[in-house]
Amino acid sequence: MRIGLEVHCGLDTESKLFCACSARPSPEERPNSRCCPVCLGHPGSRPLTNSRAVSHALRVALALGCRIPAELRFARKSYFYPDLPKNFQITQYDHPLGGGGTMETSFGSVALRRIHLEEDPGAIVDRGSYVLVDYNRSGCPLLEIVTEPALKNAEEARAFVDELSVLLGCLGVYSPERNILKVDANISLSDVRVEIKNILGQRELQRALEYEEARQRETIARGEAIVQETRHWDAALGATKPMRSKESEEDYGYIEEPDLVPHPLEKGWLAEVRKALPELPLSRSRRLVKQYRIAEDDSRIICFSGLADAFETIAGSVDPVLAARWTRREVLRVLNLRGERVISLELLRQIASLLALVEKKKVTDAIAKELLEKLFEKPFDVKTRVGAGLSVVMGDELRAVCERVVKENQKAVSDYQSGRPEALDFLLGQVMRATKGRADPGAARLLLKELGKA
Amino acid sequence: MPARKKATSKQGASAELPALQGRILQGEITLSDHVHEAVDSLRELDREYAMMTAISEELARSQAKALDAEKRKLGKDILRARPLLGLCVSFKDAICVRGVQSAAGSKALKGYTPVFDATVVSRLREAGCIVLGKTAQDEFGFGSFSVNVGKDFRIPRNPLDRERCCGGSSGGAAALAAAALFPHVAIAESTGGSIAAPAAFCGVHGLCPTYGLVSRNGLIDYANSLDKIGPIARSLDDVSRVLDVIAGFDAADATSLQRTMAPEAMPKSIALVKQEGVAEEVASAMWDAVKRMESSGVSYKEVSLPYTAKFALAAYYIIATSEASTNLARYCGLRYGFQPPVEGSAEEHFTVTRGEAFGAEAKRRILLGTYARMAGYRSAYYERALAVRSRIIAEYQGVLKRFGALVSPAMPLFPPRFDELSQLTPLQHYAMDHLLVGPNLAGLPHLSIPLQARLPAGLLLIGNHLQEKTLIRLGRMA
């Protein structure tokens, strides 16, 4: 199986690609409130290229080792759709901003075909019997990154997009909170290529590809042929649906965008952009192995998952090998569980104090894991909670208290075993009483569960 | 017809801007009075020749009032701030004037009032010009005779003979320039010859500047890589003074040139472009003009531009319609302009809207342009036409290295009568542009000067890029 991806991601610029309207949504904005004659396609309006969007795109192209053309050129891609104000999209065709290139990932190098800049259409708002159009997003800068069909399975495809979004964040051109990320995927089990459009986000990508792989395998198993076509991912339904066949592929009738003259991409500018590139995940991973003497495997995953900053902060006060293991396993696990990628500085400080306690064996791994999850829910001061006053009821001492409570309350234990979870609250209450409220309830609950098992 | 008589007299004292400005500064007339008279006169002309698509009386009056107040405050100094004080200007319908219907002569935009002024409009207003209204044109500029007007629009008539066409596509502009009884300059637009052709047919001066010299910001597009805005006026003085105001870099248009016009030069020699199919009377009038220039010390030589003669027309129509077919896609009855009741799907609504909104020639050019850029035909037509265009530019540059300017008739014939035009096939219509598409494709400035003949005809002067001043100087000698 071979999978190729077209990733469309919003670029984090202040203004839109071809006009001065804000590219950043505000929390309670009204529909069609961030628009002007240019992004509404009024007759006589002219596009002007946002050079910040171009330098953002160049950062990506250079970081991915793409060939940069001598000139920046745009093209018109024509199709009729209500969310497209001019009924053509200004994009790039013959002369993409980046040709070729390679993306380094935690699972190896992935060959790229091209990357290019284009404008986002507006958004269709479905109202059942009719639709409305909101042009606030119209004209926002999008970067399209196209891979070769080089990915082997759905999991790799997801990891690729995960790590790409980390890279884009690290380059400072993309913000998961503010910018969209959409994927079109093509998948071929044999030599017939099926394209899946309209996949929003990494989790959906994996689901869509897994579904499509299964569908195609079943089709082949039934002895039927796979049809070359474009399908649409219906997230609610959890299935891909046929959109159009090869014969009815749209013809976009590309022409050069005549309102934007080719703009030279001067060598001096490129050199400046290249010089300002931050340390990229692959070289950072190598550096971390050397500097902190951590496992190469841990380092790669930390760097490609965007946790390198977190790791280096923690490793400032904790044994780096322990910090690496915990960052790679536990911190990443909790982030994945929560679908998050960002850790606040305060939270990092608390994680570091927690791991310092682990290092000094003041809390067990099991308790630390549970505390870590709680920290992400609502940060608290780890030292106060686990600190001085509580040291009495940590570890073996807490275990002893719990064992005693379990022994003295056999009825509650058997209630718990027979499926009445509220009995555990009673036991916990007893532990808190016995320790004068100085036990950590999370850790105690965990121990009680363990001891109360039938 | 009083208008006709005036229109043919070239030097009516009251029709000269400096005379008018003198009277205003002396306090003999206020701008409000002047505008009142001009609008009345314009309405009368429009009833006779149908050259307007909108008359912006309210705007003109409010401008006049404001300028009167400014004049009271500044006195004679007002001319320093407003060098074109009191000059009435009209704009081809495709040029956006804020709050005034700007429809490019198309039903698709009937009732559309732009939310901003085109750069040329704001520059002329800043210079003290009064905006009288919008002039008739072929729908979106699609024609050479101003007979392809949009549905529900009137065909403008030639002020020198009502039964003849004005030329196109800026027909209304040239007609008003010829007929106006007050100082007036028409701001027109040329894609493939739409300034020189009507100027020639209406017996006035028309200058199409170097591509990019005058900002296109606010121009309703026909073909963006070809569209140029320029003046049509009765006198070369008016052409020149308006050009000075509208030319120059505009940050709002990415194709606007940073460089400005070259200083006026006096060419020693010009090249006469050999042409086929020129009517005898037109050719002989042209020769008279060439001889006059020769007697003023400008030698001439005949040259041919074989590549341009053979391929310019085809390349022009492919590039122009390719771009036009994308530009017209936005008119779909969703956001502005003509909108029939919404029924069915978006596709159905678009189809009904566009079917009703566009005239036959607009539909023809959308089909032609869409075909030329389709996958499978793109390289054979669109891309090849772009390559041809580069070679045509090179051919002109080669000749213009040796000569100060090129000379030919602007149109190969006198303005046809409407009954004659209706006999022509679309291809014959397109072929009428063959003298003009070359310089338009090459983005070269060209000026049409009225020739002395039985009926109106124009002498075309083509210069190298940014040589507008030299063309005007040559034009004075023709």
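A note on names: the letters A, B, ... follow the listed sequences, proteins ahead of strands, and every chain is numbered from 1.
- Most heavy-atom pairs under 4.5 Å with chain A, from the set B:Gly369, B:Ser225, B:Gly337, B:Ala252: that is B:Ala252.
- Heavy atoms of B:Ala375 lying under 4.5 Å from chain A belong to its backbone as well as its side chain.
- Rounding to the nearest 0.5 Å gives a distance of 3.5 Å between CZ of B:Arg335 and OH of A:Tyr135.
- Between chain A and the options B:Phe116, B:Tyr336, B:Tyr331, the largest number of non-hydrogen pairs under 4.5 Å is found for B:Tyr336.
- Both the backbone and the side chain of B:Leu219 come within contact range of chain A, each with at least one heavy atom under 4.5 Å from a heavy atom of that chain.
- Note that the CG atom of A:Asn87 and the CZ atom of B:Phe350 stand 5.0 Å from one another [nearest 0.5 Å].
- The nearest pair of heavy atoms linking B:Ala346 to A:Pro82 is CB-CG, 3.5 Å.
- Looking at B:Ala251, the atoms closer than 4.5 Å to chain A (heavy atoms on both sides) all sit in the backbone: N, CA, C or O.
- Taking the six-membered ring for Trp and the full ring otherwise, B:Tyr112 and A:His42 have centroids separated by under 6.0 Å.
- With a 4.5 Å cut-off on side-chain heavy atoms, B:Ile319 and A:Glu256 do not count as touching.
- For chain B, the nearby part of A:Asp94 is the side chain; its heavy atoms alone come within less than 4.5 Å.
- Atom CG of B:Asp253 is separated from atom CG of A:Asp259 by 7.0 Å, given to the nearest 0.5 angstrom.
- Of the residues considered (B:Thr326, B:Asp227, B:Ile220, B:Asn327), B:Thr326 shows the highest number of contacts with chain A, using heavy-atom pairs under 4.5 Å.
- Atom CZ of A:Arg76 is separated from atom OG of B:Ser322 by 11.0 Å, given to the nearest 0.5 angstrom.
- Taking B:Glu383, B:Arg378, B:Glu347, B:Met374 one by one and counting their heavy-atom pairs under 4.5 Å with chain A, the maximum is reached by B:Arg378.
- Checked against A:Arg46 for a side chain to side chain donor-acceptor pair (under 3.5 Å), the options B:Asp221, B:Asp250, B:Thr255, B:Asn217 give a single hit: B:Asp221.
- Of the atoms belonging to B:Tyr371, not a single heavy atom falls under 4.5 Å from chain A.
- Residues A:Phe80 and B:Arg354 are in side-chain contact: their nearest non-hydrogen atoms beyond the backbone lie under 4.5 Å apart.
- Considering every non-hydrogen atom in both A:Leu48 and B:Ala254, the closest pair reads CD2-N, 3.9 Å.
- Looking at every heavy atom in both residues, A:Pro258 comes nearest to B:Tyr211 through O-OH, 4.2 Å.
- Considering CZ of A:Phe88 and OG of B:Ser325, their distance stands at 10.0 Å, rounded to 0.5 Å.
- At a 4.5 Å heavy-atom cutoff, B:Leu226 makes no contact with chain A through either its backbone or its side chain.
- Contact count versus chain B (heavy atoms, under 4.5 Å) is highest, among A:Val131, A:Ile255, A:Leu260, for A:Ile255.
- When all heavy atoms of B:Ala329 and A:Lys86 are compared, the pair lying nearest together is CB-O, 3.7 Å.
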